[in-house]
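In what follows, every chain begins at residue 1, and chains take the letters A, B, ... in the order their sequences are listed.
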Amino acid sequence: MKKIITLALAAIISLTALTSCGSSGKTVSTDGSTSMEKVIGALGESFMNANSGVTFTYNPTGSGTGIQAVTEGRCDIGLSSRSLKDSEKANGLTETVLAYDGIAVIVNPENPVHDLDVATIAAIYTGEITNWSEVGGNDSEIVLIGREANSGTRDGFESITDTEDACKYRQELTSTGDVITAVASNPGAIGYASVASLKDSVKALTVAGVTANEENIKNGSYVIQRPFVLVTKADTTLSETAQKFFDYATSAEANDLIIKAGVVPAT
Amino acid sequence: MKHKTKSLEHIIHGIFLILGLITVGCVLLISVYLILSGLPAILEVGIADFLFGSSWEPSAAEPEYGILPFILTSIYGTAGAIIIGVPIGFLTAVYLAKMAPKKVKAVIQQAVSMLAGIPSVVYGLVGMIVLVPGIRKLFGIPDGSGLLAAIIVLAIMILPSIIKMSVTALEAVPKEFEDASLALGATPEETYFRVSVPAAKSGIAASVVLGVGRAIGEAMAVMMVAGNVPNMPDSIFQSVRFLTTAVASEMAYSVPGSLHRNALFSIALVLFLFIMLINATLNFFLKGDRTK
């Protein structure tokens with residue numbers, strides 16, 4: 001008898017688990033860029049608060065995976081921290097810029113250097129400049145910290161500084177948080193990270209005298225920046241709830257939240 | 001009533017069989033999937049160029065897919081972890097199994113179990129915050145992340161498997177062996193190292209192989225301390241990338257269906273073969289134990 005009860009219970013549990021997986025019309029699923037975590041998290045939370053009974057999910061997998069997920073229909077909206085490639089647009093995807101994110105060049109707070117221009121940053125990352133004393137700092141070797149190949153942040157940084165495939169990294173880490181931790185624990189390190197996720201444990205450099213802040217990113221004077229993109233399929237209409245979220249995220253209403261998350265709204 | 005119990009038993013048997021087959025099915029599915037998705041890139045790049053090419057540049061204008069740096073790093077890293085971890089683990093096991101007072105033994109075994117339960121990301125984080133700066137200061141080099149840091153983290157991570165399995169093997173040595181040795185006038189230490197250890201050698205060897213398996217398959221912790229640049233491991237301070245981290249760090253961003261993504265599957269296939277080899281060795285040792 002006991003066995004039968006256990007079996008029955010197991011069956012019930014697995015059934016409920018199955019049904020809860022099934023997507024109802026009341027869910028918005030997003031998938032993609034880890035850099036967008038803060039902004040999309042804030043938007044999702046306030047969207048859920050405003051619409052009771054709606055579930056919002058965010059899967060932080062990376063821009064490439066997010067774009068793939070939306071192509072395969074595994075999520076409603078893909079999140080990418082780079083513009084879509086032409087090949088991806090040819091696959092029937094459309095992009096809507098949600099916000100602009102500055103990529104800050106960060107050093108250890110002990111480092112006396114506080115300003116570099118893009119050309120110098122490029123020279124440092126390609127290994128032409130290897131000692132901080134060459135750019136007005138202490139006599140110590142420069143330790144280059146970066147992200148893994150194809151990361152949205154690395155892609156953005158390398159394309160803006162024109163250093164694609166030429167960077168002589170000492171460490172290639174897989175998340176923004178790891179880059180910040182590595183730079184914070186090494187006085188000779190230089191790294192790059194999304195302005196939105198900066199912490200006090202590292203110091204953001206000014207680039208050619210321009211501080212990485214909202215105003216300068218929005219007016220374009222801070223040059224190391226990239227778009228945060230919502231990716232959707234051109235030929236498929238979103239579910240009612242997903243469309244509602246899409247409209248909300250791109251409306252002026254959401255701007256406060258986007259600014260709070262440290263990035264600059266596109267609208 | 002009897003008939004009813006029997007049919008119920010048959011049903012339960014059937015359920016257990018199905019559950020067992022799920023495991024077998026998963027193994028088969030993964031093996032077939034890995035081979036199918038791993039082979040094309042190896043064939044496209046060429047087996048020799050893939051396995052012995054020394055440069056990995058998947059996103060360059062002219063991509064190169066040589067995984068020799070990863071293979072060597074994984075071998076060196078695992079060997080280093082074994083060189084550091086096995087003596088510590090082995091001697092701890094001898095102490096725990098034969099010499100330690102009961103209370104001390106209980107405390108140490110509890111600690112070993114906890115060490116086994118710590119998630120690998122925590123090992124990585126502690127390594128990143130404590131070990132990497134420590135190596136940098138100790139050796140006066142610009143950056144402490146690299147092969148040495150990974151070896152130390154791995155050595156600590158394999159300790160629990162080595163200690164636990166060796167203790168079990170040593171405790172299974174018949175007491176008569178030891179009594180005989182002691183009765184012949186050998187000191188306890190002589191007895192442990194000349195009698196107990198040789199008698200438990202297949203179990204201890206198996207524990208080392210298990211440690212190798214754990215070290216070669218670890219991804220998260222080494223990803224955070226090894227530096228992850230695909231260099232040849234020509235110095236212990238070099239920033240290096242392991243087979244596991246090569247797959248883990250680039251999988252998320254590689255374009256599906258591209259040669260790059262397929263090459264990552266090929267790396268996984270190579271890793272898989274390594275681990276199969278290690279498992280076969282493990283089976284060999286364990287079987288040797290049984291036939292004796």
Next item on the list: Would you name the heavy atoms of B:Ser249 and A:Thr174 that are closest together and state the gap between them?
Entry: CB-CG2, 3.4 Å

Check: What heavy-atom pair brings A:Ser185 and B:Arg136 nearest, and what distance separates the two atoms?
Finding: O-NH2, 2.8 Å

Check: In Å and rounded to the nearest 0.5 Å, what is the CG to CE distance from A:Leu173 to B:Met223?
Finding: 9.0 Å

If you count every heavy atom of other residues, nucleotides or ligands that lies below 6.0 Å from [X] atom [atom1], does the total exceed 12?
X        : atom1 : answer
A:Asp86  : CG    : no
A:Tyr100 : OH    : no
B:Leu19  : CG    : yes

Margin query: Report which part of A:Ser140 has an atom under 4.5 Å of a heavy atom belonging to chain B: side chain, backbone, both, or neither.
Written below: neither

Notebook entry, point to check: Out of A:Glu141, A:Lys168, A:Arg170, which one racks up the most heavy-atom pairs below 4.5 Å with chain B?
Noted result: A:Arg170

Note to self: Among A:Ala182, A:Ala166, A:Gly146, A:Pro187, which residue has the highest count of heavy-atom pairs closer than 4.5 Å to chain B?
What the structure shows: A:Pro187

Next item on the list: Name, in order of residue number, those residues of residues 22-45 of chain B that have a heavy atom at a distance of less than 4.5 Å from a heavy atom in chain A; otherwise write 'none'.
Entry: none

Check: Regarding A:Gln171 and B:Ser145, is there a side-chain donor-to-acceptor distance under 3.5 Å anywhere?
Finding: yes

Next item on the list: Among B:Gly124, B:Pro142, B:Gly146, B:Ala248, single out the residue with the greatest number of heavy-atom pairs under 4.5 Å to chain A.
Entry: B:Pro142

Checklist line | Validation row: B:Met251, A:Glu148 side chains within 4.5 angstrom (heavy atoms) | finding: no

Next item on the list: Would you indicate whether the side-chain heavy atoms of A:Asp178 and B:Met128 approach each other to under 4.5 Å?
Entry: yes

